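Read through the structure below, which is laid out as structure tokens, and then see the notes.
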Number of protein chains: 2
Amino acid sequence: MAWKPDPILVTVDIVIFTIRERELSVLLVRRGSPPMKGLWAIPGGFVKKSESLEDAARRELHEETGVSNVYLEQLYSFGDPGRDPRGRVVTVAYFALVAEDKAPLTPGSDAADARWFRARELPALAFDHGEILDYALERLRNKLEYTTVGFQLLSEKFTLGELQGVYEAILARPLDKRNFRRKVELLGILRPTKEVRRAGRRPARLYRFAASRFEKLKDKGILFPF
Amino acid sequence: MAWKPDPILVTVDIVIFTIRERELSVLLVRRGSPPMKGLWAIPGGFVKKSESLEDAARRELHEETGVSNVYLEQLYSFGDPGRDPRGRVVTVAYFALVAEDKAPLTPGSDAADARWFRARELPALAFDHGEILDYALERLRNKLEYTTVGFQLLSEKFTLGELQGVYEAILARPLDKRNFRRKVELLGILRPTKEVRRAGRRPARLYRFAASRFEKLKDKGILFPF
DNA sequence: CCAAAAGTGTTAGGAGTACACCCATGG
DNA sequence: CCATGGGTGTACTCCTAACACTTTTGG
């Protein structure tokens, strides 16, 4: 190199989704220090020298929620000069999907002030985090239709109603129950258990996601256009 | 900030695709200096302090090929520690699509040694560029099926045979001519010109891409599953 | 007149969509 | 016995995929 490259700071930000009460929700933290103190933001932090980008994202995710072993996917990198008043900061954004039963009711540890917001009712966000969140939502909606990410938001066993609820929450539109169930059955990726969930009304059968069957389907272009 | 973030270098790398002789091709440059001197690599360079990531990618693209105003899309960011022996370097990878008639036969300006390789016959690549290229290919194939990126690889006017050739080159499989043409017609995104291309045999009508019609189709989920 | 790519129609099968009723349980 | 969500079948439409022959030109 004949010249010196400009040093740039690199962060990861993680849009953490879960389903709460049949609503798609996002974890936000309130900034406790400047810049943009008091504003809500997507959790994140600086990448350390010796960790990969994904490791950094998993570390932050764990620090904020206590969860590990969840679905995590790189989203996009945002690096406009001026997006952070502290200097030139490029952020690699990720999104994570946390099952309802794993999502801590009161998340946060180092960030004292953190809570879940319904994706429909988001506050103003710091930096360009509004843009990042919009992008994450769009990606999630798209991926729902050609992958099995939806299952990542459910616990290990779930009812068909709960599964449909996930799709409806994310797509923000009602789905036809019969068509939904027929499609799921056609795909053959669910294995019924012998248990049922009793939730007041008629008990609903519990199913388990059979990931193994899915790999073959992907090649054939069989998707999830509910 | 209570502590000092680790400084990291940020580069952009651009996978530049074109179609040459009905084959999908990629522009590579031979590294003229260490590390990995002599190996082929994806063109790229360091991001400057005051330019956005996309601006940096467009600048590098222009420096390598002389072209501007082409399709450019952010691909993924790669940042494993150790991917570059010079230190901690995060690269934001892009991919670009250059029309056959815009792609310079002998590209390169600052990189003295640059040439097009058929995507089927790639040499060993420096750093993790092999991984980046695989990822770009996968993305391109996927996008072909639900967007109109394919048209970016053709000149302004083109025959249906040439269009089909683009799809076949990227998907690496033959397509049924009648079904292909019916689908294109159904989409209604081509406008016939009054010109024909004479290439030895029966003259073929030239078409123009009518981008305006496409926006509506996207909302309806009408795609390109050839 | 021959080779080569351009151009065109039909049919059968499968997936998507719309739609209405009975069932099992808890209160 | 009633309210609530669980669970099922049918008919129509549209897209997909498979398939073969004629046309126009250059050599």
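All heavy atoms count here, side chains included; hydrogens, waters and symmetry mates do not. A note on names: the letters A, B, ... follow the listed sequences, proteins ahead of strands, and every chain is numbered from 1. Predicted model, so just to flag it, every value in this text is computed and none were measured.
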Practice item. Rounded to the nearest angstrom, tell me the gap between atom CG in B:L175 and atom C1' in D:dC19. Key: 16 Å
Exercise for review: Just say parallel, tilted or perpendicular for the rings of B:F180 and B:Y167, cut-offs at 30° and 60°.
Suggested key: perpendicular
Review point. Looking just at side-chain N and O atoms, do B:N179 and B:R182 make a donor-acceptor pair shorter than 3.5 Å?
Key: yes
Practice item. In whole angstrom, give the distance that lies between atom CG of B:L186 and atom C1' of C:dT8. Key: 16 Å
Practice item. To the nearest Å, give me how far apart NZ (B:K183) and C1' (D:dC14) are. Key: 11 Å
Review point. Among all residues two or more places apart in sequence or in another chain, which pass the salt bridge (Lys or Arg N to Asp or Glu O under 4.0 Å) test with A:E185?
Key: none
Practice item. Output all residues satisfying side chain to side chain contact (heavy atoms under 4.5 Å, CB included) with A:A126, sequence neighbours left out; order by chain, then residue number. Key: A:R31, A:M36, A:L39, A:A41
Give every pair of a protein N or O atom and an N or O atom of nucleotides 4-7 of chain D that lie under 3.5 Å apart, one pair per line with the distance.
residue, atom, partner, partner atom, Å
D:dG6, N7, A:K177, NZ, 3.1
D:dG6, N2, A:R202, NH1, 3.3
D:dG6, N3, A:R202, NH1, 3.1
D:dG7, OP1, A:R205, N, 3.1
D:dG7, OP2, A:R181, NH2, 2.7
D:dG7, O5', A:R181, NH2, 3.3
D:dG7, N7, A:K177, NZ, 2.7
D:dG7, O6, A:K177, NZ, 3.1

Check your understanding: When all nucleic acid strands are considered with a 4.0 Å heavy-atom cut-off, which category describes A:R198: base, sugar-phosphate, or nothing?
Key -> sugar-phosphate
**Study point:** Length of the CZ-C1' vector between B:F180 and C:dG9, whole Å
**Key:** 19 Å
Point to revise | Within 6.0 angstrom of B:E21 CD, more than 12 heavy atoms from elsewhere | key: no
Check your understanding: Between C:dA20 atom P and A:N179 atom CG, what is the distance in whole Å?
Key -> 13 Å
Review point. How close or far is atom P of D:dT16 from atom CD of B:E185, stated in whole angstroms?
Key: 14 Å
Point to revise | Whole angstrom value for the distance that separates P of D:dA11 from CZ of A:R182 | key: 12 Å
Check your understanding: Once you round it to whole Å, what is the distance between P of C:dG9 and CG of B:D176?
Key -> 15 Å
Review point. Taking the six-membered ring for Trp, are B:F78 and B:Y135 parallel (under 30°), tilted (30 to 60°) or perpendicular (over 60°)?
Key: perpendicular
